[in-house]
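Index from 1, following the sequence.
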Amino acid sequence: MEDEFHELTDRVRAELRSPQDLVAYERLLGLARKNTPAGREELARTLVAVERPLWAREIAAFLLGRAGDRRAFETLVLLLNYRDPVRCATAAHALARLGDPRTARAAAALATNPLRTAYALHPIRLLAELRAPQSVPALIATLERLLTPHNPYWRVALACVEGLGALGDRRAVPALTAAVGHPRLAAAAAASLARLGVHEDAAGRAGPDGSTDGGPDRGQEPGRGDGPGAGPVDSGGADPGAEESGADPGVSGRR
């Protein structure tokens with residue numbers, strides 16, 4: 001199996017607390033090895049079974065997501081928005097391979113929700129990987145919101161900068177140009193602008209649509225950054241995963 005699944009199972013094994021947990025864990029690994037329709041039905045039942053631990057649902061959702069079974073969607077989106085960055089990363093990996101058209105809308109809603117900025121790093125990276133119509137508008141909107149002095153979520157902003165460079169859409173030129181003025185983002189923003197064929201002197205003359213001559217940048221279609229918003233959260237207290245999630249240590253939202 002792929003490295004991502006081995007990393008998941010190694011991490012989960014460390015979470016087991018009882019002999020019953022170990023039996024359930026080995027059962028899930030057996031279903032993964034068999035990879036049969038009957039096994040996928042059992043994995044799907046695991047997602048909705050009462051009082052199943054989070055790690056069991058995580059393994060089941062990962063396996064179903066990798067198999068393109070859309071019954072994993074809701075659990076994977078929950079994990080994408082989770083307070084533990086390593087679970088967010090695992091969910092993003094599976095969602096990128098799920099092939100569900102709802103994925104980009106959900107990721108865009110999480111990425112652009114200001115109440116969930118502490119957990120937006122992996123939704124941002126997922127949007128860049130998906131290259132969906134929602135990707136560029138969501139990354140631009142999030143980056144522009146984070147271009148404020150002393151913003152603690154500069155890692156999220158950096159992911160936006162890098163993602164926009166990879167997506168290669170000139171609508172991102174104004175936001176990337178603004179990012180050049182932020183020390184932690186400057187090098188990545190300049191590199192992303194270069195990938196778009198824009199040099200720093202021309203970037204200063206960029207229009208709102210990313211063109212450097214004031215005219216429209218033809219050939220780019222407008223994006224549709226729609227989608228439901230993520231639910232509200234309480235704030236307060238430091239999150240142990242804040243640094244990896246995109247915030248400086250000690251500044252974060254709380255799930």
Check: [Y] main-chain N/O paired with [X] side-chain donor or acceptor under 3.5 Å:
| X | Y | answer |
| --- | --- | --- |
| Arg17 | Glu15 | yes |
| Thr75 | Ala72 | no |
| Arg170 | Leu196 | yes |
| Asn113 | Ala109 | no |
| Arg116 | Asn81 | yes |
| Ser192 | Leu164 | no |
| Arg131 | Ala166 | yes |

Between [Y] and [X], is the closest basic N to carboxylate O distance under 4.0 Å?
| X | Y | result |
| --- | --- | --- |
| Glu162 | Arg195 | no |
| Arg52 | Glu42 | no |
| Arg102 | Glu74 | yes |

Taking all non-hydrogen atoms of both residues into account, name the closest pair between [X] and [Y] and its distance.
| X | Y | answer |
| --- | --- | --- |
| Val180 | Ala186 | O-CB, 3.3 Å |
| Ala178 | His182 | O-CD2, 3.4 Å |
| Arg70 | Gly99 | NH2-O, 2.9 Å |
| Leu43 | Ala60 | O-CB, 3.6 Å |
| Cys88 | Leu80 | SG-O, 3.4 Å |
| Leu79 | Ala91 | CB-CB, 3.7 Å |

Working to the nearest 0.5 Å, report the span between [atom1] of [X] and [atom2] of [Y].
| X | Y | atom1 | atom2 | result |
| --- | --- | --- | --- | --- |
| Leu185 | Asn151 | CG | CG | 9.5 Å |
| Leu143 | Leu176 | CG | CG | 6.5 Å |
| Arg155 | Cys160 | CZ | SG | 14.5 Å |
| Leu16 | Glu26 | CG | CD | 8.5 Å |
| Thr177 | Leu147 | OG1 | CG | 10.5 Å |
| Asp100 | Leu95 | CG | CG | 8.5 Å |

Just to verify, what does Glu4 make a side chain to side chain donor-acceptor pair (under 3.5 Å) with, not counting sequence neighbours?
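None.
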Can you confirm whether [X] sits close enough to [Y] that some side-chain heavy atom of one is under 4.5 Å from a side-chain heavy atom of the other?
| X | Y | value |
| --- | --- | --- |
| Val12 | Leu28 | no |
| Phe73 | Thr103 | yes |
| Arg45 | Glu41 | yes |
| Pro137 | Arg171 | yes |
| Glu58 | Leu8 | yes |

side-chain contact (heavy atoms from CB on, under 4.5 Å) between Ile124 and Leu110, worked out:
CA-CA 9 Å; Ile124 289 292; Leu110 295 175; over 6 Å; no
Is it true that atom CZ of Arg97 has more than 12 heavy atoms of other residues, nucleotides or ligands lying nearer than 6.0 Å?
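Yes.
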Asn35 side chain to Arg40 side chain, donor-acceptor N/O pair below 3.5 angstrom
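The criterion, which ignores hydrogens and geometry beyond distance, is satisfied for Arg40 and Asn35.
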For Ala44, give me all partners under side chain to side chain contact (heavy atoms under 4.5 Å, CB included), at least two apart in sequence or on another chain.
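Result, side chain to side chain contact (heavy atoms under 4.5 Å, CB included) vs Ala44: Leu64, Arg71.
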Does NZ or CZ of Arg83 lie under 6.0 Å from the centre of the six-membered ring of Tyr119, at an angle within 45° of the ring axis?
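Arg83 over Tyr119 ring: no.
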side-chain contact (heavy atoms from CB on, under 4.5 Å) between Arg87 and Arg11, intermediate numbers included:
CA-CA 10 Å; Arg87 285 198 157 99; Arg11 169 170 54 82; 3.7 Å; yes
side-chain contact (heavy atoms from CB on, under 4.5 Å), paired with Tyr153, selected from Thr117, Thr142, Thr148, Leu158:
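Going through the options one by one, the only one that passes is Thr117.
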According to the ring-ring contact (aromatic ring centres under 6.0 Å, His included) rule, which pairs have a member within residues 41-65, sequence neighbours left out?
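Every pair satisfying ring-ring contact (aromatic ring centres under 6.0 Å, His included) with a residue in residues 41-65: Phe5-Phe62, Phe62-His93.
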